[in-house]
There are 2 protein chains.
Amino acid sequence: MEAVLRKPIRGFLLDITGVLYNSSPNSIGRAIPGSIEAVNRLYSESVVRFVSNESSESRHELANKLGKLGFKLNEEHIFTPAPVAVQYLKKNGLRPHLIVHKGAVQEFASVDQTNPNCVVMGDAEEDFTYEAMNSAFRLLHQLEDPLIVTLGFGKFYQRVDGPCLDLGGFAKALQYATDARIVTVGKPSESFFRTAIDDMGLSKDDVGLKTSHRVAISFCNIQI
Amino acid sequence: MEAVLRKPIRGFLLDITGVLYNSSPNSIGRAIPGSIEAVNRLYSESVVRFVSNESSESRHELANKLGKLGFKLNEEHIFTPAPVAVQYLKKNGLRPHLIVHKGAVQEFASVDQTNPNCVVMGDAEEDFTYEAMNSAFRLLHQLEDPLIVTLGFGKFYQRVDGPCLDLGGFAKALQYATDARIVTVGKPSESFFRTAIDDMGLSKDDVGLKTSHRVAISFCNIQI
């Protein structure tokens, strides 16, 4: 424990939603007081990367939105699951049936989606309709080795209007009905945190965290 | 095993959806070939009870629908979870927030629903919207001892247009997000099968089954 406290922090890994700002279904959301100043200070004193399961918009759009809220950050420092999922799908010959937010559909444009052999789930929010869930269920139900790839596995997240169900539960629903395997890209997957830390050119022991994910906390050997 | 095969069957417990008929979202559904004759024969030769997790309509309406499909059965021989849930709620001082099919709301008219302290879930089908799920989540999220009462816990069921997601998965979704306790009224709860068997005046060892539920099969000591 003492060794952990003594070690110097050389970089920071920050969550976005609920840490930098609270999202809103009808607007760009609201910066959390103090977070803009905190990001400026961390940027000036060390290395910063942002890890987010936001999959309702591209990394570019997300950076733009945060810019409008007052944050000065480099979009190349933002890690979101959709591009990682695209790599995973292509590498494994997977053709997805998508249940993702309207804003995320475009991220999968380069992936073959004919004759789907898996389901990809993002934070579809209002698009988690019974019809959408049932379509995904029917596909998984007829696959020999049903597979769900999820862009995160959160329980809930904060929105301006209150806490909201995240996609983890909806993935659990389809898994219960079909006994599907689940592969999670994004938080709390350890490899997702590792990708961001590797990009800093640091070791995980050099990194400070601001995320609610126990996996990350344990991964970086931080005791709480 | 031999003892089981030799014992006389004195009564039958039959499922309804997927055994007597396949439901349909836009019509009364379709009788499964041979099932009308089978019910007539069982009624004439022994005692019959029907156990169903249908909660989109009252027992009376369900009996009427089956009558229109050609079945001759006594509505008092049908066991559905909603009336059992109402008893459970009243006995335990529970005030439900409902996510049930429109047709089932009336079944809970006698229960106090002000200031809810639990969630009751039925097969809401198209009413399993993100908004409805999120409302239930927000209630459970703020309760000290979050509780979900489910009218069944099925994985999926057959509808004329194909297999459909049942409520078990949706209950799992809310449980994952809130760590809620779940109490299941209806299949596959053992006490639900016991209520129907008690009503026959028989022992569980006297009963033959036509249901896909392993709990019932194990409960009645039937080997498959």
Side-chain angles (χ1 to χ4, degrees), chain A residues 23-26 56 99-102 119 121-143 146 148 150 152-180 182 184 188 212 214, chain B residues 23-26 56 99-102 119 121-143 146 148 150 152-180 182 184 188 212 214:
Chain A
S23 67
S24 163
N26 303 314
S56 59
I99 313 188
V100 298
H101 197 280
K102 288 177 192 74
V119 166
M121 301 180 82
D123 56 342
E125 290 193 318
E126 274 68 15
D127 290 332
F128 277 128
T129 61
Y130 182 75
E131 196 187 352
M133 289 288 285
N134 214 28
S135 296
F137 159 71
R138 286 181 178 179
L139 170 68
L140 293 167
H141 184 61
Q142 63 167 4
L143 292 176
I148 305 168
T150 70
F153 212 83
K155 292 189 170 205
F156 63 91
Y157 62 96
Q158 295 298 332
R159 214 164 62 174
V160 167
D161 58 332
C164 285
L165 262 181
D166 204 349
L167 79 96
F170 291 95
K172 285 270 184 192
L174 288 179
Q175 183 184 40
Y176 177 70
T178 63
D179 298 320
I182 290 184
T184 297
S212 61
R214 284 187 175 274
Chain B
S23 68
S24 163
N26 304 313
S56 60
I99 312 188
V100 299
H101 198 281
K102 288 178 193 72
V119 166
M121 301 181 80
D123 57 341
E125 290 193 317
E126 275 67 14
D127 291 331
F128 277 129
T129 61
Y130 182 74
E131 196 188 351
M133 290 289 284
N134 214 26
S135 296
F137 158 72
R138 287 182 177 178
L139 169 68
L140 292 168
H141 184 61
Q142 62 167 7
L143 291 177
I148 305 167
T150 69
F153 212 84
K155 292 188 170 206
F156 62 92
Y157 62 96
Q158 296 297 332
R159 214 162 64 175
V160 167
D161 58 333
C164 285
L165 263 181
D166 204 348
L167 78 96
F170 292 95
K172 286 270 185 193
L174 288 179
Q175 183 184 40
Y176 176 69
T178 62
D179 298 319
I182 290 184
T184 297
S212 60
R214 284 188 176 274

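Throughout, protein chains are lettered first and strands after them, A, B, ... in sequence-line order, and every chain is numbered starting at 1.
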- When the ring planes of Phe137(A) and Phe156(B) are compared, do they come out parallel, tilted or perpendicular, using 30° and 60° as the limits? tilted
- All heavy atoms of Asn134(A) vs all of Arg159(B), minimum pair found to be ND2-NH2, 4.5 Å
- Task: Decide if the gap between the ring center of Tyr176(B) and the ring center of Phe153(A) is smaller than 6.0 angstrom.
- Result: yes
- Query: What option among Gly169(A), Pro163(A), Ala171(A) has the most heavy-atom pairs under 4.5 Å with chain B?
  - Reply: Pro163(A)
- All heavy atoms of Leu165(A) vs all of Ala177(B), minimum pair found to be CD2-CB, 3.4 Å
- Query: Counting only heavy atoms not in Glu126(B), do more than 12 sit closer than 6.0 Å to its CD atom?
  - Reply: yes
- Note on the structure: Heavy-atom nearest pair, Cys164(B) first then Arg138(A), reads SG-NH2, 3.3 Å
- Item | Greatest number of heavy atom pairs closer than 4.5 Å to chain A - which of Asp161(B), Asp127(B), Thr129(B) | Asp161(B)
